[in-house]
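Read the structure below first, then the notes.
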Amino acid sequence: MIEFYAKGIREGKLKVNSKWNEAGIKFTVQDPCKLVRQSLGDWIADELRFVVKAVVGEENFVDMVPNKSNNYCCGGGGGFLQNPYVEERLKFGRLKLEQIDRTGAKYVITPCHNCHSQIMELARHYGRDFKVVHLWTLICLSLGILAENERLYLGDDLKECNLPGKHA
Amino acid sequence: MADVLSLEERAASFRERVKSAIPGGGNLDMCMLCGTCVSGCPASGLAGMDPRKFVRMVILGLDEEVLSTPWVWMCTQCQRCIYACPMEVDIPKLVYEARASWPRDQRPKGIRASCDHHVQRGGAMGIPKEDWIFVVQDVLADVRSTQPGWENLEAPIDKKGAPYYLNQNSREPVTEPEEMVPLWKILHLCGIDWTYSSEMWGGENYCMFLADDDNWARIIAQQARIVDELGCHTFIETE
């Protein structure tokens, strides 16, 4: 889907911008292992960054290190979320947590569902206050078409930002 | 593990089996013990194991330990190790083969249930087909009637001739259905003519994580057949 997001932005069908993020909220992104390293390679990670920067503002994007194909797994994959080794899974995720901490980001964008669940749990377990969001949420937020009940994963700072019909 | 191991007595059948199962033998004999895999592996140290140790144990024929360690379920097969490995030793495939060596009923119950649900009902959460269709239609009707400007939003199921097929992670329709809507809106704005399917619609495949080759293939084959029958030329994965 990232390909289509990028294409839509380039073709002017998704007229995204980062004006909604005047406060300069920082975002980072978790490259999904399966999509980037295992399947399509770095070009899709670059497309992902193109979309993210267009939506949140280039200056508000902070990359993790290492990243793209060299990124660390968060621990949500391989069935780890569905097996009984919870304590080990949370230990596994510490490397990811340290990476996120170093970015200072308030939001982690996760194109992968398993990453989304795992990183949210890491934040909860280790007492961090960053939020974990899907890319579609931010694209629609930027476009001013994200309804109130579609903001489940946004923090209070963005619950009322750019609501449909309420922006200029 | 502190005892001296007598290697002659060991059959090392797992090593021989994986060598024939992995193309090129998985480069097992090429491991130089450099440890690059370990340093980039978040599962290093869990269950007293790490990727290099695991490879050595396989090579040394420590089948009993290799085939019983729960570490194979703590490695996510993310492939960071083989990506970084200068000799491309296929550790993730070793882990996969070790998982597959566990009797099916002893593999983690949660993964097994997700796999079985998917085979039986088309998505890992196991909701019946009727519920899946109802949720999509219900959420769509709600958006059309409550969100000005979206009266023509679409979320078709089994739409013959739609050029694009979209799969759906089965979590959303079950636990957070409104989360499906932003994606529908984006597809609408992009002018993409798409469809879900009523059967085998789930975007995940836990049979792969269960190392259940037959059911993994069954899901893929069935979904591919459905996509072909609908006449879709492009499969969109929600990621």
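All chains are named by letter (A, B, ...) in the order of the sequence lines, taking the proteins before the strands, and each is independently numbered beginning at 1.
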Donor-acceptor side-chain pairing of R80(B) and S69(A) below 3.5 angstrom: no
Could you tell me whether the side chains of E179(B) and W136(A) share a donor-acceptor contact shorter than 3.5 Å? yes
Of the backbone (N, CA, C, O) and the side chain (C-beta and beyond), which part of R89(A) lies under 4.5 Å from a heavy atom of chain B, both, or neither? neither
Test of ring centre spacing under 6.0 Å for F4(A) and Y164(B): yes
Using non-hydrogen atoms and a 4.5 Å limit, figure out which bit of I139(A) sits close to chain B: side chain, backbone, both or neither. side chain
Once rounded to the nearest 0.5 Å, what's the spacing between atom SG of C140(A) and atom CG of L189(B)? 7.5 Å
For I236(B) and M1(A) the tightest heavy-atom approach is CG2-SD, 3.5 Å
Close approach to chain A in residues 42-52 of chain B, criterion heavy atom under 4.5 Å: P42(B), A43(B), L46(B)
Donor + acceptor pair across side chains of E239(B), H113(A) (<3.5 Å): no
Pairing of K185(B) and E150(A) as salt bridge, 4.0 angstrom limit: yes
In terms of side-chain heavy atoms, does E176(B) have a donor or acceptor partner in Y153(A) at a distance below 3.5 Å? yes
So for L14(A), is it side chain, backbone, both, or neither that comes closer than 4.5 Å to the heavy atoms of chain B? side chain
Got a sec: does the NZ of K93(B) have more than 12 other heavy atoms crowding it under 6.0 Å? yes
Between N83(A) (side chain) and M74(B) (backbone), is there a donor-acceptor pair under 3.5 Å? no
At a heavy-atom distance under 4.5 Å, which candidate from R112(B), E204(B), M180(B), Q147(B) has the highest pair count against chain A? Q147(B)
Contact class of K7(A) relative to chain B, heavy atoms under 4.5 angstrom: neither
Once you round to the nearest 0.5 Å, how far does CD of Q79(B) lie from CZ of R37(A)? 7.5 Å
Does any backbone or side-chain atom of N70(A) lie under 4.5 Å from a heavy atom of chain B? Answer side chain, backbone, both or neither. both
Minimal heavy-atom distance between Q82(A) and S114(B), with the atoms involved, is CG-OG, 3.7 Å
